[in-house]
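Some notes on the structure that comes next.
Note: hydrogens, waters and symmetry copies are ignored here, and every other heavy atom, side chains too, is used.
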Amino acid sequence: MSISVYTSCALNYLPKARVLAETLAAAEPEASITLCLNDVVPDWLDLDVEPFDRVWLPEDLGYDRGWVFQHNIMELATAVKGRALLRLFEEDTPDLAVYLDPDVMVLNPLSLADSYLGDDSIGLVPHILAPEETETGVELTELSVAAHGVYNLGHLFVRPDAHGLAFARWWADRLDRYCFDDRARGLFTDQRWVDLVPAMFDSVRILKMPNLDVASWNLSHRTLGQELAGDPGSFTVDGWPLVTYHFSGTGPAGTHRRIREIFAPGSGAAAEI
């Protein structure tokens, strides 16, 4: 089967996107990866030596500067995802298109996720899989999910069939016009739109496997392990092979580490990752 992966960021996340590309190449060598680079390409950056099969700028997707500058950096990186998905379908004709955030690491083959999707066309990954049991968990996690969206759009799996295309066209239209962080209007970039998808489209599967989109905010309900020191493919989650780890919140503020130490303070495997 053919898998086409894409990601989207500005230059500040380029080092993270490189890690995504390099780990994808190790775990799923036949998959392609496209970078949507929402920035001006500086003189020092040689795209020909970057670990991506192709790079698309906003103008390559048909956007003009007026549209670009309606958005902040986060809104822009998410707003291009719908059109990029449609173009990926046209250029690659993959069996499965996968969006991954640039701060995701791939540790085992994405073909596992394809098997989880089964015969369905659209795969959504929830932020959390179980109720929080502490007030801290409710305040830091459940309230945040309620504000930002049930599904983490750092992961998205879509087949280019009739159902997947119908979703992609609708999503692209909404993101072209309404991809803003405007919680007073019920919007959080691309994520709140996808809360509607299970009700509006057929052939949707909610992927509740614990080994997808493991992140600091959901570690309290997952047990990480490692079977062989030094082997990234040997990390496990509740006995499942760890497919993706999401480093959301890494950076100078230290959010990822702070949340990890709240929800999994004794996890050596999480610290190793």
Donor-acceptor check, side chain of [X] to backbone of [Y], threshold 3.5 angstrom: yes or no?
{"X": "Asp120", "Y": "Ile122", "value": "no"}
{"X": "Glu75", "Y": "Asp181", "value": "yes"}
{"X": "Asp92", "Y": "Ser4", "value": "no"}
{"X": "Asp101", "Y": "Val104", "value": "no"}
{"X": "Asn152", "Y": "His127", "value": "no"}
{"X": "Glu30", "Y": "Ser2", "value": "no"}
{"X": "Asp195", "Y": "Val150", "value": "yes"}

- Could you tell me how the ring of Tyr63 sits relative to the ring of Trp67: parallel (under 30°), tilted (30 to 60°) or perpendicular (over 60°)? parallel
- Query: Between His246 and His155, what is the ring plane arrangement, given parallel below 30°, perpendicular above 60°, and tilted in between?
  - Reply: tilted
Residues [X], [Y]: salt bridge by 4.0 Å N-O rule:
{"X": "Asp114", "Y": "Arg159", "result": "yes"}
{"X": "Asp173", "Y": "Arg169", "result": "no"}
{"X": "Arg83", "Y": "Asp176", "result": "yes"}
{"X": "Arg18", "Y": "Glu22", "result": "no"}
{"X": "Asp190", "Y": "Lys81", "result": "yes"}
{"X": "Glu91", "Y": "Arg54", "result": "yes"}

- Message: Quick one, Leu124 with Val204, criterion side chain to side chain contact (heavy atoms under 4.5 Å, CB included). Give me CA distance, side-chain angles, the key distance, then yes/no.
- Response: CA-CA 8 Å; Leu124 306 178; Val204 178; 4.0 Å; yes
- Message: Can you tell me if Asp64 has over 12 outside heavy atoms packed within less than 6.0 Å of its CG?
- Response: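 Above 12, so yes.
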- Task: Kindly indicate, with the supporting measurements, whether the criterion side chain to side chain contact (heavy atoms under 4.5 Å, CB included) is fulfilled by His148 and Arg183.
- Result: CA-CA 8 Å; His148 295 91; Arg183 272 161 273 187; 2.9 Å; yes
Can we call the ring centroids of [X] and [Y] under 6.0 Å apart?
{"X": "Tyr245", "Y": "Phe247", "value": "yes"}
{"X": "Tyr116", "Y": "Trp240", "value": "yes"}
{"X": "Tyr6", "Y": "Trp56", "value": "no"}

- Query: Does the pair Val197 and Phe167 meet the rule for a side chain to side chain contact (heavy atoms under 4.5 Å, CB included), with working shown?
  - Reply: CA-CA 8 Å; Val197 168; Phe167 157 73; 3.6 Å; yes
Co-membership, hydrophobic cluster, residues [X] and [Y], 4.5 Å side-chain:
{"X": "Leu57", "Y": "Trp44", "answer": "yes"}
{"X": "Leu85", "Y": "Val194", "answer": "yes"}
{"X": "Leu156", "Y": "Met1", "answer": "no"}
{"X": "Leu153", "Y": "Val5", "answer": "no"}
{"X": "Val214", "Y": "Leu20", "answer": "no"}

Please report the interatomic distance [atom1]([X]) to [atom2]([Y]), rounded to the nearest 0.5 Å.
{"X": "Phe188", "Y": "Met74", "atom1": "CZ", "atom2": "CE", "value": "4.0 Å"}
{"X": "Leu112", "Y": "Glu28", "atom1": "CG", "atom2": "CD", "value": "8.0 Å"}
{"X": "Leu117", "Y": "Asp95", "atom1": "CG", "atom2": "CG", "value": "11.5 Å"}
{"X": "Thr78", "Y": "Tyr99", "atom1": "OG1", "atom2": "OH", "value": "8.0 Å"}
{"X": "Leu242", "Y": "Ser234", "atom1": "CG", "atom2": "OG", "value": "10.0 Å"}
{"X": "Phe235", "Y": "Gln226", "atom1": "CZ", "atom2": "CD", "value": "3.5 Å"}

- Task: Starting from the C-alpha separation in whole Å, work towards a yes-or-no answer on side chain to side chain contact (heavy atoms under 4.5 Å, CB included) for Leu107 and Val243.
- Result: CA-CA 5 Å; Leu107 296 105; Val243 177; over 6 Å; no
Minimum side-chain heavy-atom gap [X]-[Y] below 4.5 Å:
{"X": "Phe157", "Y": "Val125", "result": "yes"}
{"X": "Trp170", "Y": "Met200", "result": "yes"}
{"X": "Ile33", "Y": "Leu100", "result": "no"}
{"X": "Leu35", "Y": "Cys9", "result": "yes"}
{"X": "Val41", "Y": "Leu47", "result": "yes"}
{"X": "His221", "Y": "Leu129", "result": "no"}
{"X": "Asn211", "Y": "Thr236", "result": "no"}
{"X": "Leu11", "Y": "Leu37", "result": "yes"}

Closest heavy-atom pair and its distance - [X], [Y]:
{"X": "Pro126", "Y": "Ile206", "result": "CG-CG2, 3.5 Å"}
{"X": "Leu207", "Y": "Gly123", "result": "CD1-CA, 4.0 Å"}
{"X": "Pro210", "Y": "Asp238", "result": "CB-OD2, 3.7 Å"}
{"X": "Trp171", "Y": "Gly82", "result": "CE3-CA, 3.8 Å"}
{"X": "Ala77", "Y": "Asn38", "result": "CA-ND2, 3.6 Å"}
{"X": "Asp161", "Y": "Ser121", "result": "OD2-OG, 2.6 Å"}

- Is a side-chain donor-acceptor pair under 3.5 Å present for Asp53 with Ser32?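 No, no side-chain donor-acceptor contact under 3.5 Å.
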